[in-house]
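This report refers to the structure that appears directly beneath it.
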2 protein chains.
Amino acid sequence: MSSTTSREALMQELEEAMRRSSAQGVMYGQAVANMAGISNSDMECMDILHLEGRVTAGRLAEVTGLTTGAITGVVDRLEKAGYVRRERDASDRRKVFISVVEEKAAEIGKFYVPMQDAMLKLWSGYSDDELRLLLRFANDGYKGVLEATEALKAVIDMPPEQRAELKMPPKSRR
Amino acid sequence: MSSTTSREALMQELEEAMRRSSAQGVMYGQAVANMAGISNSDMECMDILHLEGRVTAGRLAEVTGLTTGAITGVVDRLEKAGYVRRERDASDRRKVFISVVEEKAAEIGKFYVPMQDAMLKLWSGYSDDELRLLLRFANDGYKGVLEATEALKAVIDMPPEQRAELKMPPKSRR
DNA sequence: GCCTTATATCTCATTTACTAAGATAATTAG
DNA sequence: CTAATTATCTTAGTAAATGAGATATAAGGC
């Protein structure tokens, strides 16, 4: 077996493994939402708020792919439950910024303890150099997924006949 | 700064990076579901089918956390759209196995092309040894997340007073 | 300053998806 | 053979999403 083939087999295994673990990560998030008593959409918005900080209602709609009407509902529920606050922008009074109420959000954070424990345990088996590689990979991977998301959205705007020309990449067909 | 502190900082960065990229991965999946014209739940079930192969309706309910009634709806929609087939188990005629119709499912697979391209591009910047480390990490990570999911579900069954004792892990508070 | 167009969020009627409870049907245990 | 169990489906009611349009603010042209 050539080294090229082995590298391709490796990549295929890698794809499968990443797909598997990311699917399981989704399940974990759903379980957390369940326990916190909020919907998946609500949970996703909390995640975005954690990552991006104070964002507008419109940005939540853009990122989640929900309509602005649906976001109004999400924010209503989260605000009523005390997880977030609406804050009108003083300089542009059309905008509504959503910000997390940290004390209340910490209650949700508790449900991530089993996950954090598992990750700490996992990472303890790796050297500093190895962790640095993983960090580099995670950061590069984020950029890659971000680009891919943009590329996918570009497909949405393609005329159907051009869209049909999309092909699987050369050797990774299943 | 001690090397311990640096390692902890590294882990914290790693946690943030993984969280970020996995959140983006979720968005990507949603965009795919949107383009394929199916709901997130339907998409999730397709993913499970891809990973586990032929599974029963009950297993889908168990894994997704949806009720069996909701799964009936999911499978109805997917079957009507031609993505899956219902097959009654010959040896236990109560069971209904769901299996993917590969030719039709390939249409969804197309939407993963931008993601696969991005990953191939990303991985091309790593050596075989590095990719092997990533594979090991992804596999270990999957096991970790799986365990964490079980641990979390155990919390569900805890009496409230015991549940309240859950604490953040020593040094990773934010 | 007014009028038009653009932007940001919210409202509301309708549609879609989910839950809870229980019906149906097949299997297993006594 | 009957009772208890398991697996899926059905149905009524509820929750969340969409699509269209209302409201309110901002920005640009004249």
Side-chain angles (χ1 to χ4, degrees), chain A residues 26-27 29-49 52 54-81 83-99 156, chain B residues 26-27 29-49 52 54-81 83-99 156:
Chain A
V26 172
M27 315 271 182
Q30 288 181 347
V32 171
N34 262 222
M35 294 191 64
I38 64 180
S39 77
N40 289 341
S41 294
D42 295 8
M43 190 69 216
E44 191 184 356
C45 287
M46 288 300 291
D47 270 345
I48 292 164
L49 285 166
E52 304 202 2
R54 198 159 156 276
V55 301
T56 64
R59 170 94 185 128
L60 288 180
E62 185 187 319
V63 176
T64 59
L66 294 178
T67 61
T68 59
I71 292 298
T72 299
V74 168
V75 177
D76 283 351
R77 289 190 297 272
L78 289 177
E79 190 171 44
K80 191 170 162 195
Y83 292 120
V84 305
R85 240 191 313 267
R86 275 184 169 91
E87 290 164 9
R88 274 204 178 271
D89 187 6
S91 66
D92 182 345
R93 296 184 42 73
R94 290 168 306 176
K95 289 185 185 168
V96 172
F97 276 97
I98 317 299
S99 63
I156 297 176
Chain B
V26 172
M27 315 270 183
Q30 287 181 346
V32 170
N34 262 220
M35 294 191 63
I38 64 180
S39 77
N40 289 341
S41 294
D42 295 8
M43 190 70 217
E44 190 183 356
C45 286
M46 288 300 292
D47 270 346
I48 293 164
L49 285 166
E52 303 202 4
R54 200 160 155 274
V55 301
T56 64
R59 170 94 186 129
L60 288 179
E62 185 187 318
V63 176
T64 58
L66 295 178
T67 61
T68 60
I71 291 298
T72 300
V74 169
V75 177
D76 283 351
R77 288 189 297 272
L78 290 177
E79 189 171 45
K80 192 169 162 196
Y83 293 120
V84 305
R85 239 193 314 266
R86 277 184 167 90
E87 290 164 10
R88 275 205 177 271
D89 187 6
S91 66
D92 181 347
R93 297 186 40 74
R94 291 168 307 177
K95 289 184 185 169
V96 172
F97 276 97
I98 317 299
S99 63
I156 297 176

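Lettering follows sequence order; numbering is per chain, from 1.
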Round to the nearest Å and state the distance from B:Asp92 atom CG to D:dT6 atom C1'. 8 Å
base_contact_polar (C:dT27 base, B:Arg94 side chain, donor-acceptor, <3.5 Å): no
N/O (side chain, B:Arg93) to phosphate O (OP1/OP2, C:dA25) under 4.0 Å: no
A:Arg86 near the nucleic acid: base, sugar-phosphate alone, or nothing, with a heavy-atom cut-off under 4.0 Å? sugar-phosphate
How would you label the contact of B:Thr64 with the nucleic acid (heavy atoms, under 4.0 Å): base, sugar-phosphate, or nothing? nothing
Can you tell me how far P of C:dT9 sits from CD of A:Glu62, to the nearest Å? 11 Å
Toward the 5' end of DNA chain D, which comes first, A:Ser39 or B:Val75, by nearest nucleotide? B:Val75
Have a look at B:Ala70 and say if it touches a base, only the backbone sugar-phosphate, or nothing, with a 4.0 Å heavy-atom cut-off. base
Kindly say whether, by distance alone, the side chain of B:Thr68 makes a donor-acceptor pair under 3.5 Å with the base of D:dC9? yes
Separation of C:dT16 atom C1' from B:Arg77 atom CZ, nearest Å, is 8 Å
For A:Asn34 and C:dA20, what is the distance between atoms CG and C1' respectively, to the nearest whole Å? 15 Å
Return the value, rounded to whole Å, for the distance between atom CZ of A:Arg88 and atom P of C:dC10. 6 Å
Between the base of C:dC18 and the side chain of B:Thr67, is there a donor and acceptor pair under 3.5 angstrom? no
